[in-house]
J.: 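The structure is given below, and queries will be raised subsequently.
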Amino acid sequence: MEFIFFQEGITASIIPILTLIEYKPESIVGCILMGENRPKELPPNWFIYAESSENPASSLLREAEQGEELGLLDVFLIVKEPDSLLQITVLVAIGCCNINCSGEGGRGGRTILSLLAKHNIRTSPAEVIRPVYKYRNVDKLHQEAKKIFFKAFNKICRYWLPEAWEVEPFIY
């Protein structure tokens with residue numbers, strides 16, 4: 001699994017992610033969202049519980065339209081390389097958007113949710129404590145982001161990967 005990290009904290013970093021969702025949704029395995037309002041706390045219930053809906057991105061978008069806020073949003077877009085089963089790339093935008101907390105960042109967060117919902121992309125609002133990214137060393141930041149990503153991904157990969165491969169999971 002390859003990771004491509006965009007510059008953290010810059011809303012424009014989500015442009016490649018938005019572009020792939022809009023123009024190549026068939027190549028997307030899913031999207032894991034990690035949110036935070038207060039450091040070292042789980043995201044709010046409205047964020048976490050959206051995962052149980054049929055279209056979590058649509059549910060999150062409805063909450064945003066009703067004024068719910070999320071101070072930071074990390075986006076992990078999981079993309080399957082064409083003509084492969086296991087070549088997966090994760091596009092990562094850390095703290096590049098939010099939900100209703102700032103102008104440009106808020107628009108970015110709502111746009112991500114809108115496109116995920118529009119294309120019915122598998123979306124997981126992760127029930128994890130988002131790490132406090134206070135590293136001057138970019139490698140440490142990336143290692144911490146991967147660690148927390150795998151914590152969320154391991155819960156959903158057994159469902160998402162067979163769906164992305166368009167096969168029924170083999171049950172033993």
Side-chain angles (χ1 to χ4, degrees), residues 1-36 43 47-48 50-61 72-98 108-131 133 135 137-172:
M1 192 174 293
E2 183 180 343
F3 287 79
I4 298 174
F5 287 88
F6 299 110
Q7 186 175 356
E8 62 276 355
I10 306 296
T11 304
S13 292
I14 64 172
I15 290 173
I17 291 172
L18 296 172
T19 304
L20 268 177
I21 295 170
E22 180 64 17
Y23 297 110
K24 296 289 184 182
E26 69 281 357
S27 68
I28 298 171
V29 173
C31 185
I32 295 177
L33 302 173
M34 294 183 199
E36 172 189 289
F47 181 80
I48 295 169
E51 186 166 28
S52 62
S53 69
E54 192 167 316
N55 185 332
S58 182
S59 177
L60 290 170
L61 186 59
L72 288 172
L73 187 65
D74 298 341
V75 180
F76 294 77
L77 189 70
I78 306 159
V79 181
K80 182 174 70 88
E81 298 297 327
D83 301 321
S84 77
L85 287 177
L86 297 176
Q87 282 187 307
I88 294 173
T89 301
V90 182
L91 305 180
V92 184
I94 297 173
C96 292
C97 53
N98 62 70
R110 285 189 308 278
T111 303
I112 289 265
L113 296 177
S114 176
L115 289 177
L116 290 170
K118 172 184 171 183
H119 294 288
N120 201 20
I121 302 292
R122 293 172 205 87
T123 304
S124 177
E127 187 177 354
V128 295
I129 295 175
R130 186 182 173 275
Y133 297 114
Y135 300 106
N137 181 331
V138 174
D139 289 333
K140 284 187 179 182
L141 172 98
H142 292 176
Q143 287 172 351
E144 189 65 27
K146 285 179 186 179
K147 183 175 146 184
I148 200 75
F149 164 81
F150 280 115
K151 185 175 182 178
F153 184 68
N154 287 338
K155 293 179 181 179
I156 55 173
C157 67
R158 66 179 169 208
Y159 308 109
W160 282 12
L161 290 176
E163 287 176 15
W165 299 330
E166 299 176 344
V167 298
E168 289 294 319
F170 183 83
I171 306 298
Y172 59 94

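No experiment lies behind these values; they were computed from the predicted model shown.
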J.: How would you list, by chain and number, every residue that makes a side-chain contact (heavy atoms from CB on, under 4.5 Å) with Ile10, sequence neighbours excluded?
T.: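 Partners of Ile10 under the side-chain contact (heavy atoms from CB on, under 4.5 Å) test: Gln7, Ala12, Ser13.
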
J.: Kindly assign one of parallel, tilted or perpendicular to the pair Phe150 and Phe3, based on the angle between their ring planes and the thresholds 30° and 60°.
T.: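 Perpendicular.
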
J.: Can you tell me how far the CD1 atom of Ile112 sits from the CG atom of Leu77, to the nearest 0.5 Å?
T.: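 Ile112 CD1 to Leu77 CG: 7.5 Å, rounded to 0.5 Å.
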
J.: Step by step, would you call Leu33 with Leu113 a side chain to side chain contact (heavy atoms under 4.5 Å, CB included)?
T.: CA-CA 10 Å; Leu33 302 173; Leu113 296 177; 3.8 Å; yes

J.: Looking at Ala57 and Leu116, what are the two nearest heavy atoms and their distance?
T.: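 Here Ala57 and Leu116 meet closest at CB-CB, 3.5 Å.
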
J.: Side-chain donor-acceptor contacts of residues 79-94 below 3.5 Å, not counting sequence neighbours, with atom names and distances?
T.:
from, atom 1, to, atom 2, distance (Å)
Glu81, OE2, Thr89, OG1, 2.7
Ser84, OG, Glu81, O, 2.9

J.: How about CD on Glu26, more than 12 heavy atoms from neighbouring residues, nucleotides or ligands closer than 6.0 Å, or not?
T.: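 For Glu26, atom CD is crowded (more than 12 foreign heavy atoms under 6.0 Å).
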
J.: How long is the span from the SG atom in Cys97 to the CG atom in Leu73, to the nearest 0.5 Å?
T.: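 Cys97 SG to Leu73 CG: 4.0 Å, rounded to 0.5 Å.
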
J.: Kindly compute the distance separating CG (Leu115) from CD1 (Ile121), expressed to the nearest 0.5 Å.
T.: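 Those atoms lie 9.0 Å apart.
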
J.: Measure across Ile28 and Ile21 and return the closest heavy-atom pair with its distance rounded to 0.1 Å.
T.: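 Smallest interatomic distance, heavy atoms only, reads CD1-CA, 3.6 Å.
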
J.: Can you tell me how far the CD1 atom of Ile129 sits from the CD atom of Glu36, to the nearest 0.5 Å?
T.: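 These two atoms lie 10.0 Å from each other.
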
J.: Taking atom CD of Glu168 and atom CD of Glu163, what is their separation to the nearest 0.5 Å?
T.: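 Answer for the CD-CD pair, Glu168 versus Glu163, is 9.0 Å.
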
J.: Check step by step if side chain to side chain contact (heavy atoms under 4.5 Å, CB included) holds for Phe6 and Ile17.
T.: CA-CA 10 Å; Phe6 299 110; Ile17 291 172; 4.0 Å; yes

J.: Using every non-hydrogen atom in the two residues, find where Ser124 and Ile156 come nearest and quote the distance to one decimal.
T.: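 Looking at all heavy atoms of both residues, the closest pair is CB-CD1, 3.9 Å.
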
J.: Shortest non-hydrogen contact from Leu61 to Arg110?
T.: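 Nearest pair, atom of Leu61 first, then Arg110: CD1-O, 3.9 Å.
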
J.: Restricting to pairs with a member in residues 152-172, which pass ring-ring contact (aromatic ring centres under 6.0 Å, His included), not counting sequence neighbours?
T.: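 Matches after skipping sequence neighbours: Phe149-Phe153.
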
J.: Taking all heavy atoms of Ile14 and all of Cys96, pick out the closest pair and write down the distance.
T.: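 Scanning both residues completely, I find the closest heavy atoms to be CG2-CB, 3.8 Å.
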
J.: So, for Pro125 and Glu51, which heavy atoms are closest and what is the spacing to 0.1 Å?
T.: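 Here Pro125 and Glu51 meet closest at CD-CB, 3.7 Å.
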
J.: As an exercise, state the distance from CG of Leu20 to SG of Cys31, rounded to the nearest 0.5 Å.
T.: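 Between Leu20 CG and Cys31 SG, I get 11.0 Å after rounding to 0.5 Å.
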
J.: Working note: His119 + Glu22, criterion side chain to side chain donor-acceptor pair (under 3.5 Å); need CA distance, chi angles, decisive distance, verdict.
T.: CA-CA 8 Å; His119 294 288; Glu22 180 64 17; 3.2 Å; yes

